[in-house]
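Here's the structure, in structure tokens; my notes come after.
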Amino acid sequence: MSVKIKYPIRYSQCWEDIELLLEALDIKLKDTVLSIASGGCNTLSVLSRTHAKVFVIDQNPYQLYLFELKYVALVHLSEAEAKNFFGIEHFTSRMDLYKRIRDHLGMQTREFWNSHPQLIQKGIIHSGKFEHYLRLFRRIVLPLVHRSDTINYLLNITDKVEQVNFYKNIWNNIRWRFLFKVFFGKTVMRKYGRSKKMFRYNTRVNIGTIYYLRTEKALMKGNLSKNRYLEYILTGKYKKNKPYYFGSKALSGIRKANLPMLSCKNLYEFLTEQPDNSIDKFNLSDVFEAMSLSICELVFKQILRVGRKNARIIFWNNLVHRDVPQKLKPYYKPETELADKLSQRDNLFFYANFKIYTLVK
């Protein structure tokens with residue numbers, strides 16, 4: 001199998017806060033869950049909460065290959081070996097670990113990874129296009145703005161007053177403001193960061209400024225010393241705060257869970273094939289970002305049909321506003337208070353808002 005795409009994997013990690021996701025979904029042991037694969041991290045964590053069915057879907061087959069490899073590695077390697085294999089710990093012989101687990105992979109997944117040893121050797125959590133984009137940020141932009149000791153100081157602040165003063169007086173200099181807005185602007189992000197289709201319905205021009213303001217709010221108000229996502233963005237490593245799925249309880253749950261069912265389909269296509277009243281929880285990431293309003297409406301109709309009574313649906317809006325169509329709102333109860341409370345604790349700052357709904361049937 002020969003793939004010529006430079007970065008076939010769009011995201012090798014998930015960039016929605018897993019702790020918000022799990023609290024919002026409130027997964028029970030017998031819940032059937034539908035989860036967008038994306039970088040696999042959040043779906044792995046979802047898998048640790050239920051002993052029922054988990055449907056993992058993604059239009060991009062390479063995201064499914066990534067998820068399957070992560071899942072197999074967590075199940076068949078020790079915790080220390082898995083951390084090395086993923087790229088969380090420094091290690092030079094990841095292919096030896098891969099050879100031990102590859103027979104547990106499906107044929108297509110195995111063929112893909114057999115033909116991409118360079119992605120395995122660098123550590124699979126670093127293998128996505130978006131993670132490469134963040135790497136460019138660390139290597140090109142950050143050194144022009146701050147020294148490593150300044151970055152480390154930011155990541156270790158625990159006093160809120162000190163945090164605000166440090167941001168205003170040290171971090172937020174003119175070079176930070178200018179270079180951040182350029183690097184996270186539409187032109188650079190479309191080329192190096194996100195898929196072009198994610199901008200199809202975006203009408204905003206000043207994207208760099210939008211992300212700058214969201215980041216500013218997080219750097220002044222968030223708990224930076226415990227923010228695993230910010231630690232990775234600024235250093236490329238997880239030293240203090242490991243990914244959630246490596247917690248002992250989550251890892252144990254993943255190893256006890258049923259084998260997830262993988263499906264390379266778009267959300268609408270997948271839902272049309274499911275029986276009525278068959279799914280309890282929906283983790284939809286920011287899947288609506290690339291959908292037209294008409295397709296979005298069709299998807300919400302299918303969720304209403306497929307979801308069980310009191311099913312929970314969560315999703316994020318980034319640059320494109322999408323929500324339940326007006327005529328379907330009587331069937332979707334907004335959990336506004338919960339969404340607002342959780343948003344205050346969000347360790348990520350890419351998104352405009354976080355939506356939580358409960359089906360009324």
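Just so we're clear, the structure is a prediction, and the values are computed from it rather than from any experiment.
Between Tyr7 and the choices His126, His116, His132, the ring-ring contact (aromatic ring centres under 6.0 Å, His included) rule is met once, by His132. Of the options Lys309, Arg312, Lys333, a side chain to side chain donor-acceptor pair (under 3.5 Å) to Thr358 is made by Arg312 and by none of the others.
Ile9 places none of its side-chain heavy atoms less than 4.5 Å from the side chain of Ile124. Within the 4.5 Å cutoff, the side chain of Leu342 has heavy atoms near those of the Ile356 side chain.
Minimum interatomic distance between Ile120 and Met95 (heavy atoms only, all atoms of both residues): CG2-SD, 3.7 Å. Here the closest heavy-atom approach between residue Ala257 and residue Tyr71 is recorded as O-OH, 4.1 Å. Across all non-hydrogen atoms, the minimal contact from Asn172 to Glu216 is ND2-OE2, 3.7 Å. Nearest heavy atom pair, residue Ser12 against residue Gly128, reads OG-N, 3.0 Å. Minimum interatomic distance between Asn317 and Lys355 (heavy atoms only, all atoms of both residues): ND2-CE, 3.9 Å.
With Thr50 contributing its side chain and Leu29 its backbone, the two residues share a donor-acceptor pair below 3.5 Å. Judged by distance alone, with hydrogens and angles left aside, the side-chain atoms of Arg102 form no donor-acceptor pair with the main-chain N or O of Asn114 at under 3.5 Å.
Under the ring-ring contact (aromatic ring centres under 6.0 Å, His included) criterion, no residue pair touches residues 21-45, with sequence neighbours excluded. Among residue pairs with one or both ends in residues 20-60, those qualifying as ring-ring contact (aromatic ring centres under 6.0 Å, His included) are Phe55-Phe270; sequence neighbours excluded. Sorted by first and then second residue, the ring-ring contact (aromatic ring centres under 6.0 Å, His included) pairs with a member in residues 142-166 read His146-Trp171, Tyr153-Phe166; sequence neighbours excluded.
Ring geometry for Phe246 against Phe86 counts as perpendicular: the plane angle is over 60°, on a 0 to 90° scale with 30° as the lower cut. Relative ring orientation between Tyr238 and Tyr232 is described as parallel, the plane-to-plane angle staying below 30° on a 0-90° scale split at 30° and 60°.
With sequence neighbours excluded, no residue satisfies side-chain hydrogen bond (donor to acceptor under 3.5 Å, both in side chains) with Asp58. In terms of the salt bridge (charged side-chain N to carboxylate O under 4.0 Å, His left out) criterion, residue partners of Lys327 (sequence neighbours excluded) are, by chain and number, Glu297. Remark: Lys237 engages no residue in a salt bridge (charged side-chain N to carboxylate O under 4.0 Å, His left out) (not counting sequence neighbours). With sequence neighbours excluded, the residues that form a salt bridge (charged side-chain N to carboxylate O under 4.0 Å, His left out) with Arg147 are Asp149. Qualifying salt bridge (charged side-chain N to carboxylate O under 4.0 Å, His left out) partners for Glu269, counting only residues two or more places apart in sequence or in other chains: none.
Counted by atom type alone, Tyr229 and Asn241 present zero donor-acceptor pairs between their side chains at under 3.5 Å. Remark: the Asp17 side chain and the Tyr244 side chain contain no N/O donor-acceptor pair separated by less than 3.5 Å. A donor-acceptor contact closer than 3.5 angstrom links the side chains of Tyr357 and Asp323. Side-chain contact of Asn156 with Lys240: a donor-acceptor pair under 3.5 Å is present, judged by distance alone.
With side-chain heavy atoms closer than 4.5 Å counting as contact, directly or through intermediates, the hydrophobic cluster containing Tyr201 also holds Val320. In this structure, Val360 stands alone, with no Ile, Leu, Val, Met, Phe, Trp or Tyr side-chain heavy atom under 4.5 Å from its own, directly or through other members.
Side-chain rings of Tyr11 and Phe130 approach one another, their centers coming within less than 6.0 Å.
In the hydrophobic cluster analysis, where Ile, Leu, Val, Met, Phe, Trp and Tyr join through side-chain heavy atoms closer than 4.5 angstrom, Leu262 is grouped apart from Ile36.
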Show me the donor-acceptor pairs within less than 3.5 Å that the side chains of residues 181-191 make with the rest of the protein, sequence neighbours left out.
none

Atom pairs and distances, side-chain donor-acceptor, residues 281-288, under 3.5 Å, sequence neighbours left out:
from: Lys281; atom 1: NZ; to: Leu25; atom 2: O; distance (Å): 3.0
from: Lys281; atom 1: NZ; to: Asp26; atom 2: O; distance (Å): 2.7
from: Lys281; atom 1: NZ; to: Asp31; atom 2: OD2; distance (Å): 2.7
from: Asn283; atom 1: ND2; to: Ser35; atom 2: OG; distance (Å): 2.8
from: Ser285; atom 1: OG; to: Glu16; atom 2: OE2; distance (Å): 2.7
from: Asp286; atom 1: OD2; to: Arg194; atom 2: NH2; distance (Å): 2.8

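Salt-bridge annotation for Glu337 and Lys341: absent, with no side-chain N of the basic residue lying under 4.0 Å from a carboxylate O of the acidic one. Between Arg228 and Glu19, at least one side-chain nitrogen of the basic residue sits less than 4.0 Å from a carboxylate oxygen of the acidic one, meeting the salt-bridge criterion.
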Run Lys83 and Glu79 through salt bridge (charged side-chain N to carboxylate O under 4.0 Å, His left out) and show every step you take. CA-CA 6 Å; Lys83 285 179 179 177; Glu79 180 180 345; 3.2 Å; yes
